[in-house]
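Below is one structure, written out as structure tokens; the observations come after it.
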2 protein chains.
Amino acid sequence: MYKLDKIDKALLKLLQENGRATISSLSSAVSLSMPAVSERVKRLEASGVIQKFTTLLNPSLVDKQLMALVQIGFDMQRHADSFVDFVETEKDIKECYRITGKYEYTLKVQTNNTGTLAELLNRIKAQDGVNKTHSIVVLSSIIDRPSVVIN
Amino acid sequence: MYKLDKIDKALLKLLQENGRATISSLSSAVSLSMPAVSERVKRLEASGVIQKFTTLLNPSLVDKQLMALVQIGFDMQRHADSFVDFVETEKDIKECYRITGKYEYTLKVQTNNTGTLAELLNRIKAQDGVNKTHSIVVLSSIIDRPSVVIN
DNA sequence: ATTGAAAGAGAGAGGGA
DNA sequence: TCCCTCTCTCTTTCAAT
């Protein structure tokens, strides 16, 4: 695990809050010169601590009003690779985790409406190895924050 | 819903891929002058289509190796407000959704280890209104992408 | 939406604790 | 190793069109 000092942690916190913070603003925030900050940010990227800089959109403003969680029973004896490939190609699937418990996978889906959800469920059920699904519709999002608080 | 033209969609796609893309690189990518691109990005921010620019970290490199999903049975007759406040203060809770089905809420938790998960579960169970919980441990993350593909 | 000038930010060299 | 200053270059912003 990459060793983070206080300044690295401060930079990561600032960059999580504003991914477009300029090097110069970061540099005054942590009281270091710009080249020093620039080097640190590059190192954090190169080491993989920073996965990527991105932009979060408001799903309901880009016509993705319906969120659902889909639990999937899967016969792990076979075909897991093709299922992974399938999940990658479905752009409305935002998260896919292999889980413990009664089901093998859980998906988080962000789609347009119940119609597009139904179509996606049909495609999921048509996958080799999928033997049952359980859909849970999200009524409202209480919190949704990708940020990580570093100890 | 905010009306997005082709250029807005192209800018959003580029900014999701690289949240620190410079105005000048965006401007050559969409063949528009820099002030025009700058104006568009500002409008997308002001209108809320862009929620925020952020930096995604690798959770396992910042000592958050354990992900779990916690489903919560909750007596909705009472105390939902204090539960929401509680969830906000727990920094290891990354997502909280009100859901349909047997449970009322589901949480996505990203924490250090089974010990910190157990402590968090104790705090959750101590909340007024919580009448049952069901924990699912995430064995592996197949995909996890916040990006939205715009139609 | 564009152009062009001024201001600001970033990259790299060289050197010091 | 980590940091600083200086300088040069690139980027961004603003005003006028």
Side-chain angles (χ1 to χ4, degrees), chain A residues 1-58 61-63 145-151, chain B residues 1-65 112 146-151:
Chain A
M1 200 167 99
Y2 190 86
K3 182 72 190 155
L4 301 169
D5 67 10
K6 269 195 159 173
I7 291 173
D8 290 323
K9 290 177 185 177
L11 292 172
L12 291 174
K13 183 156 187 250
L14 292 163
L15 284 169
Q16 284 187 105
E17 281 160 19
N18 176 16
R20 285 180 80 81
T22 60
I23 298 293
S24 86
S25 75
L26 295 172
S27 117
S28 44
V30 303
S31 306
L32 230 61
S33 70
M34 286 174 33
V37 170
S38 182
E39 279 304 310
R40 278 170 180 268
V41 173
K42 281 198 186 111
R43 265 207 319 257
L44 290 166
E45 266 189 277
S47 66
V49 173
I50 290 179
Q51 267 186 343
K52 78 185 298 188
F53 298 104
T54 193
T55 301
L56 302 179
L57 308 187
N58 184 333
L61 288 182
V62 291
D63 197 26
R145 50 181 171 212
S147 66
V148 178
V149 174
I150 305 166
N151 304 3
Chain B
M1 202 166 99
Y2 190 86
K3 182 70 188 155
L4 302 169
D5 67 10
K6 268 196 159 173
I7 291 173
D8 290 324
K9 290 177 185 178
L11 292 173
L12 291 174
K13 183 156 188 250
L14 292 162
L15 283 169
Q16 284 187 103
E17 281 161 19
N18 176 15
R20 286 180 79 82
T22 60
I23 297 294
S24 84
S25 76
L26 296 171
S27 117
S28 46
V30 302
S31 306
L32 227 61
S33 69
M34 293 183 345
V37 170
S38 182
E39 280 302 310
R40 277 169 181 267
V41 173
K42 283 204 182 102
R43 257 187 317 156
L44 290 166
E45 264 188 280
S47 66
V49 173
I50 290 179
Q51 267 185 345
K52 77 186 299 189
F53 298 105
T54 192
T55 301
L56 301 178
L57 308 186
N58 184 332
S60 57
L61 288 182
V62 291
D63 198 26
K64 300 287 178 181
Q65 282 94 347
N112 305 55
S147 66
V148 178
V149 174
I150 305 166
N151 303 5

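Letters A, B, ... mirror the listed sequences (proteins, then strands); counts begin at 1.
- Closest to the side chain of B:Ser24, out of C:dG12, D:dC3, D:dT11, is D:dT11.
- Rounding to the nearest 0.5 Å places OG of B:Ser147 at 12.5 Å from CG of B:Leu15.
- When distances run from any side-chain atom of A:Met34 to the nucleotides C:dA9, D:dC4, C:dT3, the shortest one goes to C:dA9.
- For the pair A:Arg40 and A:Leu26, the minimum side-chain heavy-atom distance is 4.5 Å or more.
- Contact annotation: A:Arg40 does not reach the phosphate of D:dC2 (side-chain N/O to OP1 or OP2, under 4.0 Å).
- Across A:Ala10 and A:Val30, no two heavy atoms sit closer than the pair CB-CG1, 4.1 Å.
- Nearest nucleotide to the A:Arg43 side chain, out of D:dC2, C:dA9, C:dT3: D:dC2.
- B:Arg20 places its CZ atom 11 Å from the P atom of D:dT12, with the value rounded to the nearest Å.
- One interatomic measurement links the two molecules: CD of A:Glu45 to P of C:dA11, which rounds to 10 Å at whole-angstrom precision.
- Taking every side-chain heavy atom of B:Ile23 into account, D:dT12 is the closest of D:dT12, D:dC4, C:dA9.
- Contact between the side-chain N/O atoms of B:Ser38 and the OP1/OP2 oxygens of D:dT12 is not found at any separation under 4.0 Å.
- Residue B:Lys42 has its side chain nearest to D:dT13 when only D:dT12, D:dT13, C:dG12 are considered.
- Taking atom CD of residue B:Glu39 and atom P of nucleotide C:dA1, one finds them 9 Å apart after rounding to whole Å.
- The side chain of A:Thr22 approaches C:dA9 more closely than any other nucleotide in the set D:dC3, C:dA9, C:dA11.
- With rounding to the nearest 0.5 Å, the separation of NZ in B:Lys6 from CD1 in B:Ile150 is 14.0 Å.
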